[in-house]
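Taking it in order: structure first as structure tokens, then the write-up.
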Amino acid sequence: METVSLPKFIGVFFGAFLVDILWTLGIRRTSQGKALSSALLSSTLLVINGLVVLSYVNNAWYLLAGALGAFTGNYLTVKMDTRRP
């Protein structure tokens, strides 16, 4: 079994968390026709997601951290976004 570094696990979690927040906000910007902010979010998302993928490509255990981060990021973003008036 491969070893898991707790700092790296946490980093992958928060990287995926951030990616999912950006993804959710990017979809909103796209649907609102805000091309520049949507494009900026998209390019930022790609860079962060690439770093996250490079972090877990050699150890599948980090996929769990990514999945948990993605779930949490999306869930909290949608919950907070729907509370707005």
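Residue numbers run from 1 in the order of the sequence given.
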Rounded to the nearest 0.5 angstrom, the OH-CH2 distance for Tyr56 and Trp61 is 16.0 Å
Separation between CZ of Phe17 and CD1 of Ile48, rounded to the nearest 0.5 Å:
12.5 Å
Heavy-atom closest pair (Val12 atom, Ala65 atom, distance to 0.1 Å) is CG1-CB, 3.9 Å
Heavy atoms only: give me the nearest Ala16-Gly66 pair and the separation to one decimal.
CB-O, 3.2 Å
Is Leu54 reachable from Leu63 through a run of I, L, V, M, F, W or Y residues, each pair having side-chain heavy atoms under 4.5 Å apart?
no
Could you state whether Val57 and Phe13 fall into the same hydrophobic cluster, counting links through intermediate Ile, Leu, Val, Met, Phe, Trp or Tyr residues with side-chain heavy atoms under 4.5 angstrom apart?
no
As an exercise, state the distance from CZ of Arg28 to CG of Leu41, rounded to the nearest 0.5 Å.
12.0 Å
For Ser38, the side chain to side chain donor-acceptor pair (under 3.5 Å) test, sequence neighbours excluded, returns Thr30
Say whether Leu45 and Val47 are linked into one hydrophobic cluster, either directly or through other cluster members, by side-chain heavy-atom distances under 4.5 angstrom.
no
What's the separation between atom CD1 in Ile27 and atom OG in Ser42, rounded to the nearest 0.5 Å?
10.5 Å
What are the two closest heavy atoms between Ser55 and Lys8, and how far apart are they?
O-CE, 2.9 Å
Once rounded to the nearest 0.5 Å, what's the spacing between atom CG of Leu40 and atom CG of Leu36?
4.5 Å
Do you reckon Ile10 sits in the same ILVMFWY cluster as Leu68, going by side-chain contacts under 4.5 Å, direct or chained?
yes
For the CD atom of Glu2 and the OH atom of Tyr62, what is their distance to the nearest 0.5 Å?
8.5 Å
Quick one: which residue pairs count as a side-chain hydrogen bond (donor to acceptor under 3.5 Å, both in side chains) with a foot in residues 10-26, not counting sequence neighbours?
Asp20-Asn74, Thr24-Asn74
ILVMFWY cluster, Leu18 and Leu51 together (side-chain gap under 4.5 Å)
no
